[in-house]
Amino acid sequence: MRILLIHSDYIKYKTKSKTKIAEEIDDENKEGEFKNSLVVFTAVEKEDEKNPDSVVENAAIEIADIFSKIGAENVVIYPYAHLSSSLSSPDAAKKILHNIEAHLRADDLNVARVPFGWYKSFEVSCKGHPLSELSRTILPEKTDTQPNEEQHIQKSKFHILNKGRLYKVDEFPYQTSDFEKLVDYELDRTKSSGEEPPHVKLMKEKNLAGYEPSADIGHLRWYPKGKLIRDLLADYVYNLVTERGAMPVETPIMYDLEDEAIRVHAEKFGERQYRMQTKNKELMLRYACCFGAFRILADTFITWKNLPLAIYELSTYSFRLEKSGEVVGLKRLRGFTMPDLHTVCADMEQSMQEFNNQISMCSQTGDDLKLNYEVIMRVTADFLKENREWVFQAQSIIGKPIIIEILPKRKHYWICKMDFAAIDYLGRPMENPTIQIDVESAERFGITYINHEEEGLNPIIIHCSPTGSIERVIGSLLEKTAIKMAEKPPMFPVWISPTQVRVLPIAERHLEFALHLADDLMKQNIRIDVDDRPETVGKKIRNAGNEWVPYVIVVGDKEFESSQLMVNIRESNEKMLMSSDELIDLVHQDTYNMPFRKLPLSLKLSDRVNF
RNA sequence: GCCUCAGUGGCUCAGCCGGUAGAGCGAUGCCUUGGUAAGGCAUAGGUCGGGGGUUCGAAUCCCCCCUGAGGCUCCA
């Protein structure tokens, strides 16, 4: 329900002629005038029909609240269809308006209601003080409160699935603490220690990202090193999915809520959307790439020969209006970047096959990023019943025990999904990759394909994010370093490290040699820089350590003469003597098959700025 | 969104039962010309998150707001 509230000196109206949906009225109600009134222009919407009582209640509370603040004498309820493009049925509207009137009257307010369904002339005089013009959107409570009991009975069941066997969660012999932590979290048993996740501090300390106070909360600024890492990860996912046949696309970030399919899909997301009103349209900012992908697929002629068909987009950005208290560091943001792959499959069999491929793809990202994922599979009871064997083999692809959540009924658009989570420093999961079988959207968005028999059918769509949001990946990498910090020096995987090799010339006379060396390595696609600042070697070593540089070379007279380099290897914390070619090989081994971008910072550290 | 705590030079923090701001790092300059995790000296740098109030006087006490963290809730 949409309402527009005007605190007026007076309002006058006069009925002119009936519409088809007009309510019957007495002569005395054919015209009227009310002094010092809160006029409530009201449009009842389709959505309100789901739970009319709750809308009535919420509207009455809101109106009474404003009424009490402004000191008007009357409330005038004025039916005004033009506030919404999605009106309820006239009967439902009449009933709801009538009930609001009755409800307010029961609160001892003077209430009048202007007739519904008539063409009317009216005149309103707005007082013009700050509270004299307000608008509100009244939402029904989420359908019904009564089925509480039912919901209780319909709780999900959790089991552990391993090697073709289902275990009760308490009877499973846990081998790893990460997995146990995920189980605890899913079962609501995680004890919070009240600490702050270390990645928040690290992202700022390492000059990767920071908060932007002039934006909304949960929107970050990225400094050159962080931006480089984002781009490398973006390249990585791009290669990963295109090598498997997906076609990259790019779609708009905002959508018109007038589009029925968009609106329904968006409504499911509830309050968590950024919306904006332009002159003629109400728009929403996307919270995933689904909207654009589905619209493309709906407009594409697809036959069974094209399937499975995958399109890919990196959403820079997706927007979710998370509650302010829920936004944390890189873990939960209002603006974030999500690789989003949508695969059109002909039928369930094909989807399951494709799902298997995507399990391997998601697991691969764990290896490449050196992150440990724990896995939870969520299925509806019906799906499990029909596809028990397939579900069990899906676990075998993971190769270690997983949690399985069995939902008694389908709640969402998917019937089967798999979430991969890295466990953070505080023992809580950070959800990263995900795969979902969507059985609902194709129909809603009008996506069809032509089968062998030349019939048009709605396909099944698999949503997949092979790494999860880029911000969370970076967050997980930082959390991991914090966990391991006690055992070994923290660092990123070499292919992600902004500086891969740093050269430390001992004295000024070694600078030329150092720059020369850097030039050679740069030509081999290695991100290298030179610490030419007039500091002691000890201090430069320390700085390189603080920046997590994987390889550090000190060059002086000895190196110049022998062309053998003393390389400090962070990973193993040892020093090794090698030639520059051997060092190149070593870095190339570390970064084999991974994307490369040049270092977008000056070669000499003395030229750099600190962010 | 709710409850609790916090916001002081670029960074990390001290000062907080009211009397006009302090350290370390960093930066800049000079000295040191060097061999593996902080060389020395000096200088600059602050509307004490923002607004209002109490007071002769507020970083300090009170109120409102903004931002951050933790918890709750939530994460389709």
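Residue numbers begin at 1 in each chain, while the letters A, B, ... track the order of the sequences. The shown structure was predicted, so the numbers you read here are calculated from the model rather than taken from an experiment.
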Show me the pairs that pass salt bridge (Lys or Arg N to Asp or Glu O under 4.0 Å) and involve residues 321-333 of chain A, at least two apart or across chains.
A/Arg272-A/Glu322, A/Arg272-A/Glu326, A/Glu322-A/Arg332, A/Glu326-A/Arg332, A/Lys331-A/Asp424
Can you confirm whether more than 12 heavy atoms, excluding those of A/Met485, are under 6.0 Å from its CE atom?
yes
Taken to the nearest whole Å, NZ/A/Lys201 to P/B/G70 is 13 Å
Provide, to the nearest angstrom, the distance between the NE2 atom belonging to A/His199 and the C1' atom belonging to B/G70.
14 Å
Please step through ring-ring contact (aromatic ring centres under 6.0 Å, His included) for the pair A/Phe291 and A/Tyr255, ending with a clear verdict.
CA-CA 8 Å; A/Phe291 302 92; A/Tyr255 291 89; 5.5 Å; yes
Near-strand residues of residues 546-562 of chain A, defined as heavy-atom separation under 4.0 angstrom from RNA chain B:
A/Val554, A/Gly556, A/Asp557, A/Lys558, A/Glu559
Can you give one letter per nucleotide of nucleotides 71-76 of chain B, going 5' to 3': B for a protein heavy atom under 4.0 Å from the base, S for sugar-phosphate only, - for none?
SBBBBB
Between B/C48 and B/G19 - P atom distance, rounded Å
15 Å
Take atom CZ of A/Arg570 and atom P of B/A37, then tell me their distance rounded to the nearest Å.
13 Å
For A/Glu282, give me all partners under side-chain contact (heavy atoms from CB on, under 4.5 Å), at least two apart in sequence or on another chain.
A/Arg2, A/Leu257, A/Arg275, A/Gln277
Given the options A/Lys206, A/Arg502, A/Arg527, A/Glu547 meets salt bridge (Lys or Arg N to Asp or Glu O under 4.0 Å) only with A/Arg502
When the C1' atoms of B/A6 and B/C25 are compared, how many Å lie between them, rounded to an integer?
22 Å
Can you list, in residue-number order, the parts of residues 473-482 of chain A that come under 4.0 Å of RNA chain B, counting heavy atoms only?
none
For B/C5, give its Watson-Crick or G-U wobble partner with both distances under 3.5 Å, or none.
B/G68
Provide, to the nearest angstrom, the distance between the CD atom belonging to A/Glu205 and the P atom belonging to B/C13.
10 Å
Nucleic acid footprint by protein, nucleotides 38-47 of chain B - heavy-atom cut-off 4.0 Å, B for base, S for sugar-phosphate alone:
BB--------
NA contact type, A/Glu508, heavy-atom cut-off 4.0 Å: base, sugar-phosphate, or nothing?
base
Residues in side-chain contact (heavy atoms from CB on, under 4.5 Å) contact with A/Thr380, at least two apart in sequence or another chain:
A/Asp382, A/Phe383, A/Arg410, A/Ile415
Sort and list the pairs that fulfil salt bridge (Lys or Arg N to Asp or Glu O under 4.0 Å) and have at least one residue in residues 601-611 of chain A, not counting sequence neighbours.
A/Asp529-A/Arg608
How many Å lie between CD1 on A/Ile541 and C1' on B/G35, as a whole number?
9 Å
Using the C1' atom in both, what is the distance from B/A44 to B/G10, to the nearest Å?
13 Å
d(CG, A/Leu577; C1', B/G35) in whole Å
13 Å
In whole angstroms, the gap separating C1' of B/G35 from NE2 of A/His510 amounts to 9 Å
Gap in Å between the two P atoms, one belonging to B/U33 and one to B/G24, rounded:
26 Å
When we call it a touch if two heavy atoms are under 4.0 Å apart, what does A/Ile217 touch: a base, just sugar-phosphate, or nothing?
sugar-phosphate
Whole-Å distance between B/C11 C1' and A/Met203 CE?
15 Å
With sequence neighbours left out, write down each residue that passes side-chain contact (heavy atoms from CB on, under 4.5 Å) with A/His412, or none if nothing qualifies.
A/Trp414
Can A/His510 and A/Phe560 be said to form a ring-ring contact (aromatic ring centres under 6.0 Å, His included), step by step?
CA-CA 8 Å; A/His510 307 118; A/Phe560 184 72; 7.9 Å; no
When you compare the side chain of A/Glu212 with that of A/Trp222, does any pair of heavy atoms fall below 4.5 Å?
no
Taking the six-membered ring for Trp, are A/Phe294 and A/His463 closer than 6.0 Å centroid to centroid?
yes
Inspect the surroundings of CD in A/Glu205 and state if more than 12 heavy atoms from other residues, nucleotides or ligands are less than 6.0 Å away.
yes
How far, in whole Å, is B/U12 from B/U55 if one measures between their P atoms?
37 Å
Of the options B/G34, B/U36, B/G68, whose atoms approach the side-chain atoms of A/Tyr211 most closely?
B/G68
Please name all residues satisfying ring-ring contact (aromatic ring centres under 6.0 Å, His included) with A/His219, sequence neighbours left out, ordered by chain then number.
A/Tyr274
Distance between P atoms of B/G18 and B/U60 (Å, rounded)
12 Å
So A/Pro197, base contact, sugar-phosphate only, or nothing? Heavy-atom distance under 4.0 Å.
sugar-phosphate
Could you list the residues that satisfy side-chain contact (heavy atoms from CB on, under 4.5 Å) with A/Pro198, not counting sequence neighbours?
A/Tyr425, A/Glu479, A/Ala482
Base partner of B/U12, which must satisfy Watson-Crick or wobble distances under 3.5 Å
B/A23
Which pairs count as salt bridge (Lys or Arg N to Asp or Glu O under 4.0 Å) when at least one residue sits in residues 559-578 of chain A, sequence neighbours excluded?
A/Lys488-A/Glu571
